[in-house]
Visitor: 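This structure is in C-alpha cells; I'll ask about it shortly.
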Number of protein chains: 2
Amino acid sequence: MFSIKKKSHKTACIFCMLFFSISIFAQQSPVDYVNPFIGTSNFGATFPGPIAPRGMASISPFNVAGVKNTPMEKDSQWLSNPYVNENNFLTGFSQVNLSGVGCPELGVILLMPTTGKVEIDHLKYGSNYSNEIAKAAFYSVNIDKYKVKGEFTASTRVGVSRFTFPKGQSNILLNLGLGLTNEEGAMIKVVSSTEIEGMKSVGSFCYNSPEDAYPVYFVAKFSKPANKFGVWKKTAKYNGTEAQWMGYNGKTRMMENTIKTVVGDSIGSYFTYKFEKQETVEVKVGISYVSIENARENLEKETGKKSFDDVYKETYNEWNEELSKIMVEGGSNDDRTIFYTALYHTLIHPNILNDFNGQYPEIKRTKIGKTDGTRYTVFSLWDTYRNMHPLTSLVYPKQQSDMIKSMLEMYDENGWLPKWELNSTETFTMVGDPASIVIVDACLKGIQDFDIYRAYYAMLKGADKTEDNPLRPGLKEYIEKGYLSTNYSGPVSTTLEYNTSDYAISLLAKALGEKDDYKRFAKRSLSYQKLYDKDLKLLRPRTANGKWYEPFDPEAGSNFQANVGFIEGNAWQYAFMVPHDMRGYIKLMGGDKVFSEQLQKVFDLKQFDMANEPDIAYPYLFNYVKGQEWKSQEMVKKLVQEYFQNKPKGLPGNDDTGTMSAWLVYSMMGIYPISPGDPIYTITTPMFHRITIKLDPRYYKKESIVIERQENNDGKINSIEIDGKSLNSFFISHEDFVNGTKLKVIQN
Amino acid sequence: MFSIKKKSHKTACIFCMLFFSISIFAQQSPVDYVNPFIGTSNFGATFPGPIAPRGMASISPFNVAGVKNTPMEKDSQWLSNPYVNENNFLTGFSQVNLSGVGCPELGVILLMPTTGKVEIDHLKYGSNYSNEIAKAAFYSVNIDKYKVKGEFTASTRVGVSRFTFPKGQSNILLNLGLGLTNEEGAMIKVVSSTEIEGMKSVGSFCYNSPEDAYPVYFVAKFSKPANKFGVWKKTAKYNGTEAQWMGYNGKTRMMENTIKTVVGDSIGSYFTYKFEKQETVEVKVGISYVSIENARENLEKETGKKSFDDVYKETYNEWNEELSKIMVEGGSNDDRTIFYTALYHTLIHPNILNDFNGQYPEIKRTKIGKTDGTRYTVFSLWDTYRNMHPLTSLVYPKQQSDMIKSMLEMYDENGWLPKWELNSTETFTMVGDPASIVIVDACLKGIQDFDIYRAYYAMLKGADKTEDNPLRPGLKEYIEKGYLSTNYSGPVSTTLEYNTSDYAISLLAKALGEKDDYKRFAKRSLSYQKLYDKDLKLLRPRTANGKWYEPFDPEAGSNFQANVGFIEGNAWQYAFMVPHDMRGYIKLMGGDKVFSEQLQKVFDLKQFDMANEPDIAYPYLFNYVKGQEWKSQEMVKKLVQEYFQNKPKGLPGNDDTGTMSAWLVYSMMGIYPISPGDPIYTITTPMFHRITIKLDPRYYKKESIVIERQENNDGKINSIEIDGKSLNSFFISHEDFVNGTKLKVIQN
C-alpha cells in the first residue's frame with residue numbers, strides 16, 4: 001500500500017539519506033537515466049517537470065500561451081501539452097498536469113516569478129528561458145527576462161518551487177485565469193502574507209461533458225512573507241443602461257493586500273518582495289480534489305517542515321525504488337535512458353486521487369468517499385488495457401490491485417465500470433468496454449485480492465444490459481447481429497473492442513466455472529468474422545440491412561480522419577485488431593500465407609501507425625506464423641530505433657498515459673502481452689543483455705525473473721529456453737514466466 | 001449589549017413566550033403598528049420583508065427583474081430597491097438587503113419556490129403574486145403561478161423562509177446570478193440534500209470602487225431533504241479556434257446531484273421535491289461577511305433547532321422591546337403606524353456586521369477582526385449625522401456607543417474615521433467629514449464610555465491633514481481661504497459640511513479644555529460667511545481666484561442635477577445649511593426679517609426638498625425668529641401630512657438608512673436636534689397627546705421623559721414647560737430635557 005511505503009520512508013529516514021547519498025554520488029541508478037524531456041515534442045504530450053510516482057500534483061513549465069512567439073499555441077489548435085519543447089515563451093509553472101493525453105486539460109494554477117513592477121498580462125510578463133534541466137523529480141530553468149532561477153520538485157500531492165531572485169522588487173504571480181484547460185471559473189483568497197488558498201474549475205475533457213467540470217483546490221505556502229500582496233480580476237464588460245455609470249466597466253481590478261474571497265474567470269494573486277540581496281523563496285502548493293482544507297492537510301502532512309531539498313531527495317528515492325523493480329544490464333546509455341524513461345512514464349497515470357486523509361470525490365461528484373488504501377484516477381482504458389495494465393500487473397501488482405479496487409469503487413458509485421475516467425468524471429472518450437479486459441488480465445495473472453464476483457457481475461452488466469448502457473452503445477444490435485451497423489459511429493472498431501472484451505469475460509467465466517457464460521461470451525467474441533470481407537481480406541463495415549457499406553476506401557481514415565467504420569484509424573489499421581483469436585483469424589483468412597502477406601501489406605502500404613493503439617501489436621503478429629518470427633524481431637527493432645529516442649521527439653505521438661511507453665518497455669524486454677486478457681506473452685529479441693524483473697512476494701512465488709539474451713551474429717532468435725528447457729514456441733504463459741527463474745533468448 | 005440581550009431572551013424563554021402570547025392577542029403593542037410597506041414606493045427604497053433589529057440578514061421579495069412586465073426594472077435605470085410596490089413580477093426572495101439607500105447594492109442570494117419542471121431563467125420562472133402581508137419580522141405572499149405560499153421571518157444573521165407547496169413536483173431555486181448588486185461572481189456548493197453553501201460577490205456601491213467588491217457568504221439549510229438537487233451555470237461564449245469543438249459553447253450547464261464547488265457569474269442551485277400531498281419546507285439561510293464556516297455557525301447558534309414560528313416569535317419580541325422604548329398615547333391609528341414604522345426604519349441601519357463568534361472583516365479587508373461587543377456597519381453618515389444618530393443617542397444610547405466604538409475601530413484599521421462605510425468598505429459617497437459630528441453629539445449628550453481622546457485625535461487627523469486626506473479633499477484650500485473653490489466638486493456644500501464638522505470639533509475641544517483647538521475650530525466653522533453673497537442673500541461658489549462663480553443660477557441643481565457649487569441640491573436648498581451658527585447667519589443676513597423672508601422663499605419658490613438632507617431642518621428654522629415659531633409648527637405639521645403616510649409611497653424619497661424616518665420620529669415627538677453636535681433640541685407641536693421615552697439607566701439618571709401636549713383650539717404653541725417651569729424659549733438643552741420628567745407643550 002502506498003501510504004505504508006511512505007511511512008516506512010519516514011521512519012527509516014536515516015537509511016534513506018544514506019541510500020540517497022550513495023546513489024547520487026556512486027554509479028548511475030535507474031532513476032538517473034530518466035530524461036523527462038522525452039515526449040515533450042512530436043505531440044508526445046509528456047511534460048518535463050517533477051512528479052512523484054503516480055502523484056496527484058506535478059509541476060510543468062507552461063510555454064504554450066503567447067500568440068506571437070509560440071509555434072504551438074494552445075488556443076490556436078487542438079493542443080494537449082502544457083509544454084512543447086520547441087516553444088520558447090514561458091508564462092508560468094502549472095501545478096497539476098496530465099501526461100501523454102490527447103486532449104487539453106488541467107495545466108492550471110500557474111506560478112510565475114517576475115521582477116520589477118507587477119504585470120499581470122501573461123503576454124507581457126512572459127519570458128524566454130534557458131538552461132533547462134530535467135530529471136526525475138526535478139526541473140530547473142533560468143527565466144531570462146528577470147534573471148530568476150526556478151527549481152521544482154514534488155511530493156505526491158504537493159508541488160514545491162524554489163525561486164532565486166536578484167536584489168530588488170520580486171514578485172510571484174499565481175495566475176488562475178491561464179491554463180491548458182478550456183474550463184472557466186476560479187476562486188482565490190489570500191489567507192496571509194505567506195499563504196493563498198483557492199480553487200480552479202477544470203474539465204470539459206476533449207471538449208465534452210462541460211456539466212462534469214469540477215474543481216481542483218489548492219493551498220500555496222510561501223517560505224517568506226510577502227511585503228505586499230494582492231488579487232487581480234479581469235471583468236467582463238457590462239452593456240446595459242447602467243454601463244454609463246460604471247467608470248470601471250470591463251477594466252481589470254487590482255485589489256491590494258486584501259484577504260477577501262474573489263471569484264471570476266480571469267483572476268490571480270501576486271506576492272511582492274523587496275530584496276536587499278539575492279534571495280530564494282520556496283513555494284509549496286498542496287492540491288486536493290475534495291476541499292481547500294484537504295489541500296492544506298496534504299501540504300502539511302507531506303511537506304510540513306521539509307525543505308525543497310528534503311522533498312526532492314524523498315521523491316528521488318521513491319522513483320528509484322519503483323524504477324529499480326526492473327534492472328537492466330548491457331545496452332547503450334541511450335537504451336537505458338529510453339527504457340527507464342518509458343518505465344517512468346508508465347508510473348505517472350493512473351495516479352492517486354485520494355487525499356492524505358483518504359478522502360476523494362466519488363465519480364459524478366455526488367459524494368465524498370474515503371479509502372484506507374489508494375484511490376486511483378486517470379484511466380485511459382482504451383489505450384492502457386493493451387499493455388500498460390498488463391505491465392503493471394507484472395511489475396507493480398499491488399498498484400494494479402488497487403487500480404482494480406478503484407475501478408470497482410467507481411462501479412459501486414455510479415453503476416458502471418470506467419471507460420475513460422478522469423478525476424472522478426467519466427469522459428466516455430473512445431469506444432469499447434475495456435475495463436473488463438484489464439480486470440480479467442490481472443485476475444488471471446494471479447492478482448485476486450479483490451471481490452472477483454463483484455467484478456464479474458459488473459462486467460456482465462456492461463456486457464449484457466441493452467438499454468441505457470453508457471459503456472456499450474449499440475449493444476442490442478451487436479448481440480443480435482454480431483456487429484454494429486453503420487447506424488453507429490465507428491461500427492467496426494466498436495465491434496472489435498466488444499469482441500475483445502467479451503473474450504476476456506469468457507476467460508473469467510471459464511475460470512469461475514460459469515460454463516454457460518463462458519460459452520456465450522466465447523461465441524460472442526468471434527462475431528468479428530461477420531465483418532470479414534473475403535474479397536478485400538479486410539474487416540469492413542456493414543449497414544443495418546446487412547450489406548457491405550459502399551463506397552468503401554480501406555485507406556480512408558488514416559491520420560485520425562473521421563470515416564465510416566473506424567475510430568482513429570482505417571481498415572488497414574484495424575485489419576488485425578482481433579488479438580484474442582489470431583489463430584482463428586488466420587484460418588478465416590485462408591492460412592498462414594494469406595495472413596502474413598496481408599499483414600506485411602499493412603507495413604508496406606505505410607498504413608501501420610506506431611502512434612495509435614489499434615495496430616501497435618501488429619509487429620508481433622508474425623510470431624503466429626512458423627518461420628516468420630524473424631520478421632517480428634526485425635520489425636520491433638526497427639520501430640524502436642525509428643520512433644523511440646533519447647530526444648524530446650522520442651515518442652511516436654501521444655504517450656497515451658504510458659501506453660506507448662509500456663510498448664517500449666515490453667519491446668525492449670523482448671516480451672509482449674499479445675492478447676490482453678489472456679495471460680500470455682509473445683517473445684522477441686530483448687534489447688539488453690540481461691533484464692531482472694523483481695517480483696512482488698505478495699503476488700508471486702519467485703523473487704525475480706531474469707530475461708537473458710545470448711548474442712550471436714545475425715541477431716535472429718534461434719531458440720528460447722525457460723530455466724534451460726526449450727520452449728519450442730515464441731509464446732510463454734504468464735504462469736510459466738513468473739514461476740521460472742530465467743528466460744533465455746538464444747540468437748543464431 | 002446586543003448579545004447579552006439575546007442571551008437573556010434565551011434564558012427567559014418562558015417569559016418571552018408568555019409576553020408574546022399576551023402581546024399578540026391582547027391590545028396592539030408598538031410592534032403591531034409597524035407597516036413595512038411604507039417606503040416601498042416613491043423611491044423610499046425600504047423593503048417589506050423581515051429583519052431583526054439592526055440585523056445582518058433580511059429577506060425581501062425581489063420584483064425588480066423582468067424587462068417586460070416591470071415598470072421599475074433594475075437594469076433599465078438607477079434603481080436601488082430590491083422591491084418596488086407597484087411592480088408585479090416576482091423572481092425570488094433576496095436574503096441580504098439594504099434599506100433606504102440610494103444606490104443598487106446587495107439584494108442577493110435569491111430563493112424562489114416553483115413547481116413542475118425546473119426552469120432556471122428568471123424571466124420564465126418569475127410569477128405574479130397576491131395576498132402580501134408585511135409585519136415586523138414577517139412577510140407572506142402567494143406566488144400565483146405555482147400556488148405556493150411563502151412566509152418569511154429572520155433572526156439577526158439568519159433569514160427563515162417557509163414555503164407551502166401543493167402536491168406534485170416542487171422546486172426551491174437558489175439563484176446567485178440575479179440580484180440588485182451590479183457585481184459579478186459567485187460560488188456555490190451543495191453540501192447535501194439538505195444544505196447548500198456558497199458566496200456571492202457584491203460591491204461597487206454607487207458604481208464606484210469595484211476593487212473593493214467583497215464576498216457575502218451563506219449556508220442554506222432545508223428542513224426536508226431534496227429528492228434531487230443540482231447546480232446550473234450559464235457560461236460565456238468562447239470565440240477562439242477551439243470554439244468549433246465545443247458543442248456546449250455558451251450554453252447553460254445543468255449539473256445534477258453534484259456536490260462539487262461551482263463558480264461563475266450566473267450560477268444557482270435547485271432542490272427538487274416530489275410531494276404526495278401539500279407540504280411545507282423551511283429554509284434557513286445564515287449569512288456572514290467572514291466565511292462559510294461562520295455563516296454555518298451563525299445559523300446553528302441563532303436558529304439551530306428552532307422552527308419558523310420560534311424565530312418569528314423571538315424577533316417579534318425583540319422588535320417590540322426596541323420599539324417600546326417610546327410609548328405614545330393619542331393620535332390616530334395611522335399616526336401610530338407611521339410613527340412606529342419610522343422608528344422601526346431607524347433600527348435597521350447601522351446594522352450588526354460581526355458574526356455570532358465576534359468575527360468581522362476589518363475595513364479594507366486586510367484582516368479578520370474580533371469583537372466582544374457589537375461591530376456595526378452601514379454608516380451613511382452624511383445622511384444620518386443630522387438626526388438618526390442623535391435619536392439613537394437619546395433612545396438607544398448603548399447602540400450609539402457601540403456605533404462610535406465601531407467607527408473608532410475603523411479608524412484603527414485604516415487610519416480614518418468612516419464617511420460612508422458599507423460592510424467594511426469605505427465608499428466615500430457624498431461629501432464632508434460627518435463622523436466627528438456624530439461622535440461629538442453623542443459625547444456631549446453623555447455617551448462617554450469610549451476613548452474620547454482617541455476619538456478626538458482621529459477627528460483632528462481628518463480635520464487637519466492636508467495631504468492624502470481621503471475624508472476632506474481640498475482641505476488645504478479650505479484652511480487657507482475658508483472655502484473650497486470651484487476647482488472642487490460641490491465646493492459650497494463641502495465647505496458647509498466642513499464648517500459643521502469643525503464646529504462639532506470645537507465643542508469637543510472646549511469640553512476637553514483644549515482651548516487653542518476650540519478657538520481654531522470655532523473660527524474655521526464660520527468661514528461659510530465668505531461664500532455669502534449679500535446681493536443674492538445666498539451662499540454662492542467662488543472660483544480659485546476668489547471671484548464669484550459666473551454664470552450663477554440659484555435654481556440650477558434642484559432634483560439632484562449636477563451643478564457647480566452644490567452636491568445633491570442647489571443654492572436655495574443649501575441657503576440655510578449652517579445649523580451651527582444660525583444666529584450668526586441671521587445677523588450676517590441683516591436680521592430676523594431678511595432671514596425669515598428669505599427662509600420663506602425657499603418654500604414659496606418650491607425649492608424646499610423634503611426628500612434630501614441639506615434642507616430638512618429648514619422647517620424648524622422659524623423657531624430662531626421670535627414670533628415666527630408658529631410657522632415652524634404649521635410647516636412641520638403640513639410636511640408630515642403631505643409626505644409621511646401609511647402607504648407604500650409614505651416616505652418623501654430614499655429613507656437614507658433611517659434619516660427621513662428619524663425626521664418623522666422627532667417631528668411627531670415635537671422636538672428636533674436642530675444643530676447636530678450641539679446637545680440641543682428645538683421644539684414644535686407633538687403629534688401625540690403623550691409620548692414617553694424610556695431612558696437607558698446606563699447613560700441617563702431618569703427612567704423616562706414624557707412629552708405632553710395640552711391641546712386647545714388653534715393649535716399654536718402658547719408656552720412650553722419643563723416639569724412645570726416655563727422654558728421661555730423654543731429650545732431646550734439635551735441635559736435639561738433628559739433630566740426633566742415632563743416636557744409640556746401648551747397650545748393657545
Side-chain angles (χ1 to χ4, degrees), chain A residues 73-78 104 182 184-187 189-190 199-201 204 206-215 217 231-233 235-236 238 240-242 244-249 251 253-265 267 289 291-292 361-362 364-368 424, chain B residues 73-78 104 182 184-187 189-190 199-201 204 206-215 217 231-233 235-236 238 240-242 244-249 251 253-265 267 289 291-292 361-362 364-368 424:
Chain A
E73 212 278 335
K74 74 181 178 75
D75 293 327
S76 67
Q77 57 191 289
W78 187 303
N182 294 301
E184 302 166 336
M187 189 262 283
K189 182 179 190 303
V190 179
M199 69 78 107
K200 170 75 184 101
S201 281
S204 320
C206 297
Y207 306 98
N208 277 327
S209 305
E211 63 285 353
D212 288 341
Y214 53 94
Y217 302 94
V231 176
W232 76 77
K233 176 174 180 169
T235 56
Y238 188 93
T241 307
E242 293 165 289
Q244 62 187 302
W245 306 303
M246 297 170 154
Y248 53 87
N249 195 10
K251 290 182 188 159
R253 302 175 187 178
M254 300 298 292
M255 298 170 257
E256 252 190 36
N257 287 329
T258 188
I259 55 166
K260 70 195 173 196
T261 305
V262 175
V263 299
D265 291 338
I267 62 174
Y289 289 96
S291 66
I292 287 170
E362 291 193 356
K364 289 276 169 200
R365 281 188 169 65
T366 57
K367 243 173 92 187
I368 298 302
S424 273
Chain B
E73 211 279 333
K74 74 183 179 73
D75 292 329
S76 67
Q77 57 190 294
W78 185 305
N182 294 301
E184 302 166 336
M187 188 259 282
K189 182 179 192 301
V190 178
M199 68 80 105
K200 170 76 184 97
S201 281
S204 320
C206 297
Y207 306 99
N208 277 325
S209 305
E211 63 285 352
D212 289 340
Y214 55 94
Y217 303 95
V231 176
W232 76 78
K233 176 174 179 168
T235 57
Y238 188 92
T241 306
E242 293 164 289
Q244 64 188 297
W245 305 305
M246 297 170 154
Y248 53 87
N249 196 9
K251 290 182 189 158
R253 302 175 186 177
M254 299 299 291
M255 298 172 256
E256 251 190 39
N257 287 330
T258 188
I259 57 164
K260 69 195 174 196
T261 306
V262 175
V263 299
D265 290 338
I267 62 175
Y289 289 95
S291 67
I292 286 170
E362 291 193 355
K364 287 277 171 203
R365 281 190 170 63
T366 59
K367 244 173 92 187
I368 298 301
S424 273

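Just so we're on the same page: letters track the sequence lines, and every chain starts at 1.
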Visitor: Calculate, to the nearest 0.5 Å, the distance between atoms CD1 and CD1 belonging to A:Ile292 and B:Ile292 respectively.
Guide: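 Reported to 0.5 Å precision, the distance equals 8.0 Å.
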Visitor: So, using ring-ring contact (aromatic ring centres under 6.0 Å, His included) as the criterion, who are the partners of B:Tyr248 when residues are at least two apart?
Guide: none
Visitor: Say whether, by atom type as modelled, one donor and one acceptor occur between the side chain of A:Lys189 and the main chain of A:Ile259 under 3.5 angstrom.
Guide: yes
Visitor: Do the ring planes of B:Trp78 and A:Trp245 sit parallel (below 30°), tilted (30 to 60°) or perpendicular (above 60°)?
Guide: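 Geometry flag for A:Trp245 against B:Trp78: perpendicular rings.
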Visitor: Is B:Tyr217 close to chain A through its backbone or its side chain, or both, or neither, when contacts mean heavy atoms under 4.5 Å?
Guide: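 Just the side chain, heavy atoms under 4.5 Å.
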Visitor: Say you draw a straight line from OH of A:Tyr207 to CD of B:Gln244; how long is it, rounded to the nearest 0.5 Å?
Guide: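 So the gap between those two atoms works out to 8.5 Å.
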Visitor: Test of understanding: with side-chain contact (heavy atoms from CB on, under 4.5 Å), list the residues that count as partners of A:Asn249, not counting sequence neighbours.
Guide: A:Lys237, A:Tyr238, A:Ala243, A:Met246
Visitor: For each of A:Thr258, A:Asp75, A:Asp212, tally heavy-atom pairs with chain B at distances under 4.5 Å, and name the one with the top tally.
Guide: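 Highest number of heavy-atom pairs under 4.5 Å: A:Asp75.
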Visitor: Within this structure, what is the CG-CD distance for the pair A:Asn208 and A:Glu211, rounded to the nearest 0.5 Å?
Guide: 9.0 Å
Visitor: Any idea which of A:Pro210, A:Pro215, A:Ser204 has the most non-hydrogen atom pairs under 4.5 angstrom with chain B?
Guide: A:Pro210
Visitor: Where does A:Gln77 contact chain B at under 4.5 Å (heavy atoms): side chain, backbone, both or neither?
Guide: backbone
Visitor: Side chain, backbone, both or neither: which part of A:Ile267 has a heavy atom under 4.5 Å from chain B?
Guide: neither
Visitor: Flag the one option from A:Met255, A:Lys74, A:Met187, A:Glu184 with the top tally of heavy-atom pairs under 4.5 Å to chain B.
Guide: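 Of the options given, most contacts go to A:Glu184.
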Visitor: Is chain A contacted by the side chain of B:Ala236, its backbone, both, or neither, given a heavy-atom distance below 4.5 Å?
Guide: both
Visitor: Does any backbone or side-chain atom of A:Lys233 lie under 4.5 Å from a heavy atom of chain B? Answer side chain, backbone, both or neither.
Guide: side chain
Visitor: Does any backbone or side-chain atom of A:Pro361 lie under 4.5 Å from a heavy atom of chain B? Answer side chain, backbone, both or neither.
Guide: neither
Visitor: Side chain, backbone, both or neither: which part of A:Met254 has a heavy atom under 4.5 Å from chain B?
Guide: backbone
Visitor: Nearest 0.5 angstrom please: A:Thr235 OG1 to A:Arg253 CZ, how far?
Guide: 5.0 Å
Visitor: Mind ranking B:Ala213, B:Ser201, B:Pro104 by heavy-atom pairs under 4.5 Å with chain A and telling me who comes out on top?
Guide: B:Ala213
